[in-house]
Amino acid sequence: MAKEGKTLVKCKSGYRMVPVNVQMSSPFTLQEPAWVPDAQCQKCVQCQGKFDLFNRRHHCRRCGKCFCDKCCSTQVALPRMLFVDPVRHCAGCSTISKKEADFFEKNVKTLTAGGMFTVTQSGNTDANNTVFTCKLSTDHRLLQIENESQRLDEVLMTNIEFVQILVDDSDSEGNQVASGLAMKYRDSCGEQQLVKLVVPDGQARKQGQSWVASMQKAFKMIHDARTTGR
Ligand SMILES: [Zn+2]
Ligand SMILES: [Zn+2]
């Protein structure tokens with residue numbers, strides 16, 4: 001990620017690395033929750049221990065609810081809220097954030113590394129049945145589809161409206177195997193487009209299959225963040 005486009009900001013929970021221009025935010029970014037005001041919580045949400053001078057309130061940085069120190073002492077990385085260092089989590093939220101760390105470690109790496117696909121795009125017959133590399137940009141905002149001779153319009157991740165894994169195969173044990181991905185998105189003119197990425201045979205097949213599975217997870221994560229704010 002381009003360092004110059006970001007700035008270090010100190011807030012009550014620690015340092016955050018925030019894009020100078022909000023438009024440049026990663027689509028995986030989550031808003032920090034509003035903290036439940038101290039006056040509204042007399043007991044720890046988890047163990048029901050009453051707060052007093054010795055049993056102090058602590059807020060989980062992910063859900064914003066009040067916990068005692070014991071129930072909220074786990075420090076976990078929370079890159080989706082742009083924290084530089086690990087921050088306090090309650091038990092439930094730390095499970096979610098740890099799972100997400102796995103997503104960034106494995107799936108996002110797969111997406112930015114890219115996969116090879118035979119591409120069919122609505123309204124672009126030039127691209128039909130040609131092999132392209134599809135990859136997620138390093139700032140996670142754009143899907144780039146290109147080969148040596150052409151580059152299709154970049155797809156904004158937040159403009160993807162629908163993702164479906166295509167299955168037309170099963171392996172030797174009878175498990176269904178992904179053969180590709182269909183995606184609906186709005187292009188830069190606001191028109192709805194359909195693009196189909198088919199995993200090629202041969203060496204690139206495995207990488208293509210992990211890429212489509214990762215893409216489906218990424219879409220779900222962005223979609224959930226937009227509908228629930230979580
Ligand atoms: Zn507690
Ligand atoms: Zn929490």
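Ligands are counted one by one from 1 in listed order, and the atoms in each one are counted from 1 as well.
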Q. Which value, rounded to 10°, describes the SG(Cys44)-the Zn ion (ligand 1)-SG(Cys71) angle?
A. 110°
Q. Okay, side chain of Arg57, backbone of Cys41: is any donor-acceptor separation there less than 3.5 Å?
A. yes
Q. Hydrophobic clusters join Ile, Leu, Val, Met, Phe, Trp and Tyr when side-chain heavy atoms are under 4.5 Å apart, directly or via other members; which others share one with Leu53?
A. Phe54
Q | Hydrophobic cluster membership, Val155 vs Ile165, 4.5 Å side-chain cutoff | A | yes
Q. With distance as the sole test, does Ser214 use its side chain to make a donor-acceptor pair with the main-chain N or O of Ser210 at under 3.5 Å?
A. yes
(Q) Suppose we screen for side chain to side chain donor-acceptor pair (under 3.5 Å). Which residues come up paired with Asn159, at least two apart in sequence or across chains? (A) none
Q. Got a sec, which pairs hit ring-ring contact (aromatic ring centres under 6.0 Å, His included) with one end in residues 70-113, sequence neighbours left out?
A. Phe28-Phe103, Phe28-Phe104
Q | Sphere of radius 2.8 Å around the Zn ion (ligand 2) - protein N, O or S atoms inside | A | Cys60 SG, Cys63 SG, Cys90 SG, Cys93 SG
